[in-house]
Amino acid sequence: MSDKSKTKSRGSANAIANASVSVNERILQECHKLYVEDKTGLIDIAKGVGITLLEPRKKITVLLIGNHSAGKSTFINWYVEEHVQRTGVAIETQGFTIVTSGRKRESLTGNATMHLYQHLQPLQKMEGVIDYVGTEISTSKQKKFSLVTFIDTPGLVDGDMKYPFDVNKSILWLGDNIADLIFVFFDPIGQALCKRTLNIVEELSEKHAERMKFYLSKADEAGHESDRQRVMMQIVQELCKRPNLNRTGFDMPTIYVPTLGKQSRCVNQIDDVCKEVERTINATIQNTLNQLEKDCNDIADAIDDKLRIDDEACSFNRKAKSRRCIFSLFGLFLPMLLVANFLAVGMSDDFLHSTLGTSGTATLRKYTSPVSAMWTAVPQLYHWHVLGALIVFSIILLILAQLSSKSKVTLARKQKRSLLERREFVQSKVKSRKEGLYKEYLQQSIGSQEI
Ligand SMILES: Nc1nc2c(ncn2[C@@H]2O[C@H](COP(=O)(O)OP(=O)(O)OP(=O)(O)O)[C@@H](O)[C@H]2O)c(=O)[nH]1
Ligand SMILES: [Mg+2]
């Protein structure tokens, strides 16, 4: 193949790669938007039904660690294809630098960084760190940079070197809480095996082995193949001495920054690093879309629960209402019956005739006669007892009526409607958007595979 056609095909491959970046970027951005939009965003909807959702990230984060001069900053510059980070033989990177893509080339201080990345705020609590945190925003769109945020860290050294903050603690925190990928660079000529690096690597490996990738950096400087093999053996042996790092099949690709111009016959596996980044981006997109579906289902379930609880409360209230009616009816009916009976029996005929009329008196006597019969059946001696008992019984019935009248809070019709609308929105609109995004994502990845 001629050079010209090679350039051409590489050019078109890049164009496809860039196109796929933009699809992926858009998918992550749209997912993010579906969560954070005011009122109609999933975070707000979920909050309304008592669920706390985290907003999905628009980029993956790669943490680079390694000894001083291992080539961390140079690698970032190579990836970004811009000189964003200072590099050199001296100890160059003294703090944490977040290198990310944006619309404008800009450098941010620690405080601005904390405003931009709220999830980094716990770092602020670690003494001294804030003065050594910064952000470099680059407009580069090279490789997959628009979907990656790098965190460059201070070179790790043993001995007298004093860091102005607790470097181990802060790297461990970033590895635990922020990084999707942790690249460890071992440099064959430097202090690759310094204790500080090994300690941090071991501690991170304990919890996040799957996020960690080891590389023999500056491999072009490692001399001949046999020297390189020896260095690699030494590093692997040293790592394997640590119980938490003693795994079989230790993978340590050899990488070097091709642009540094050294002629080397050493195999450069730097593309593996880019592939690792791509793999993590793809996994993140899939996870984000899956999480979106799960969050929609959780919201719908929470709304269903709310509606079910409301239905139960409504039927409880209905039952309570009928219980209250029955108790009150009996509680009032008994004393009224007794009073009516006493009137019928105790009042003179003349008085009853004059107040109720002849037919009224007859009706009263007719209906109170069973009570009167029961009352006369009770021995005179117990009349007061029975009367007392009936009054107590009535009071108990009235208290029961009062107690059972306590109703549960139910949703207003408007609230219920709004819940149903939100459920419908999440289950149909958001989910169908998610389906569309998944389709786009798969189409783009299958498309690029075919080519
Ligand atoms: N030959 C060669 N030199 C490299 C490579 N990567 C980095 N260097 C050189 O190594 C030196 C140190 O590189 P840096 O990128 O500053 O290393 P670092 O890990 O960021 O160092 P600190 O910031 O001090 O921790 C620089 O002079 C680079 O030019 C490489 O792949 N090959
Ligand atoms: Mg550096």
Side-chain angles (χ1 to χ4, degrees), residues 59-102 105-110 113 117 120 123 129 131-140 142-145 148-157 161 163-165 167-168 170-171 174-175 178-192 194 196-197 200-201 204 212-222 253-262 268-274 276-277:
K59 295 178 183 189
I60 64 155
T61 305
V62 181
L63 179 72
L64 288 109
I65 60 172
N67 61 280
H68 144 66
S69 233
K72 302 177 290 294
S73 306
T74 310
F75 170 80
I76 294 176
N77 290 347
W78 170 79
Y79 194 94
V80 177
E81 295 186 31
E82 190 181 327
H83 193 87
V84 253
Q85 282 295 78
R86 273 175 64 132
T87 58
V89 190
I91 295 182
E92 294 294 351
T93 314
Q94 293 195 334
F96 296 99
T97 311
I98 292 140
V99 183
T100 195
S101 66
R105 176 79 184 95
E106 202 156 348
S107 303
L108 305 179
T109 59
T113 302
Y117 298 106
L120 288 184
L123 266 190
V129 180
D131 301 325
Y132 290 88
V133 175
T135 302
E136 293 296 334
I137 302 173
S138 155
T139 53
S140 163
Q142 296 304 322
K143 305 185 185 76
K144 305 280 179 187
F145 184 53
V148 188
T149 295
F150 289 106
I151 304 184
D152 197 5
T153 61
L156 300 170
V157 286
M161 164 80 184
Y163 293 89
F165 52 86
V167 71
N168 292 39
S170 27
I171 290 184
L174 286 167
I178 305 294
D180 296 292
L181 273 176
I182 303 169
F183 288 165
V184 189
F185 281 15
F186 291 108
D187 138 36
I189 43 169
Q191 276 191 344
C194 87
R196 195 187 286 277
T197 312
I200 292 179
V201 166
L204 283 172
M212 302 191 67
K213 306 288 164 215
F214 302 95
Y215 298 102
L216 185 77
S217 59
K218 292 163 78 168
D220 57 324
E221 296 242 340
T254 50
I255 61 164
Y256 60 91
V257 172
T259 47
L260 287 177
K262 284 215 167 180
N268 193 358
Q269 293 170 286
I270 201 157
D271 282 345
D272 285 10
V273 191
C274 301
E276 199 56 60
V277 170

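Evaluation of the side chain to side chain donor-acceptor pair (under 3.5 Å) rule for E106 yields no partner, not counting sequence neighbours. For Y163, there are no ring-ring contact (aromatic ring centres under 6.0 Å, His included) partners, not counting sequence neighbours. Among residues two or more places apart in sequence or in another chain, the side chain to side chain contact (heavy atoms under 4.5 Å, CB included) test is passed with T61 by R57, T149, I151, I178, D180. Applying the ring-ring contact (aromatic ring centres under 6.0 Å, His included) test to F150 and every residue at least two apart in sequence or in another chain returns Y79. Considering only residues two or more places apart in sequence or on other chains, S107 meets the side chain to side chain donor-acceptor pair (under 3.5 Å) condition with E136. The side chain to side chain contact (heavy atoms under 4.5 Å, CB included) check on N168 picks up D166, R196, I200, with sequence neighbours excluded. Shown here are the side chain to side chain contact (heavy atoms under 4.5 Å, CB included) partners of T74, two or more places apart in sequence or in another chain: T87, V257, L260. For K213, there are no side chain to side chain donor-acceptor pair (under 3.5 Å) partners at least two apart in sequence or on another chain. Applying the side chain to side chain donor-acceptor pair (under 3.5 Å) rule to T97 yields the partners Q85; only residues at least two apart in sequence or on another chain are considered.
Looking at heavy atoms from C-beta onward, L156 lies in side-chain contact with I171 at the 4.5 angstrom threshold. Put simply, the side chain of T197 does not reach to within 4.5 Å of the side chain of I65, judged on heavy atoms. At least one side-chain heavy atom of L174 sits less than 4.5 Å from a side-chain heavy atom of L120. Counting only heavy atoms from C-beta outward, the side chains of T139 and S101 never approach each other to under 4.5 Å. Contact annotation: the side chain of V62 never approaches that of I76 to less than 4.5 Å [non-hydrogen atoms, C-beta and beyond]. Contact check for W78 versus P258: side-chain heavy atoms found under the 4.5 Å cut-off.
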> Can S140 and V80 be said to form a side chain to side chain contact (heavy atoms under 4.5 Å, CB included), step by step?
Replying inline: CA-CA 6 Å; S140 163; V80 177; 3.6 Å; yes
>> Could you go through Y256 and S217, starting from their C-alpha distance and side-chain angles, then the distance that decides it, and tell me whether this counts as side chain to side chain contact (heavy atoms under 4.5 Å, CB included)?
In response: CA-CA 6 Å; Y256 60 91; S217 59; over 6 Å; no
>> Between Y117 and T100, does the side chain to side chain contact (heavy atoms under 4.5 Å, CB included) criterion hold? Intermediate values first, please.
In response: CA-CA 11 Å; Y117 298 106; T100 195; 3.2 Å; yes
>> Show, in sequence, the C-alpha distance, side-chain angles and deciding distance for V129 and F96, and conclude whether the side chain to side chain contact (heavy atoms under 4.5 Å, CB included) test is met.
In response: CA-CA 8 Å; V129 180; F96 296 99; 4.3 Å; yes
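Listed by first and then second residue, the salt bridge (charged side-chain N to carboxylate O under 4.0 Å, His left out) pairs that reach into residues 67-78 come to none, sequence neighbours excluded.
Interatomic distance, N268 CG to D220 CG, rounded to the nearest 0.5 Å: 8.0 Å. The distance from atom CD of E276 to atom CD of Q269, rounded to the nearest 0.5 Å, is 12.0 Å. Note: D187 CG to H68 NE2 = 8.5 Å, rounded to the nearest 0.5 Å. Between the CG atom of L216 and the CZ atom of F185 there is a distance of 10.5 Å, given to the nearest 0.5 Å. Taking CZ of F183 as the reference point, atom CZ of F214 lies at 12.0 Å (rounded to 0.5 Å). Distance CZ/R86 to CD/Q94: 8.5 Å, rounded to 0.5 Å.
A side-chain donor-acceptor contact under 3.5 Å links S138 and E82.
Two rings, from Y215 and F186, have their centers 6.0 Å or more apart.
In terms of modelled atom types and a separation under 3.5 Å, the side chain of N77 and the main chain of V84 share a donor-acceptor contact. Distance alone, capped at 3.5 Å, places no donor-acceptor pair between the T135 side chain and the T113 backbone.
Pairing each heavy atom of L181 with each of V277, the nearest pair is CD1-CA, 4.0 Å.
A 6.0 Å sphere centred on CZ of F165 holds more than 12 heavy atoms belonging to other residues, nucleotides or ligands.
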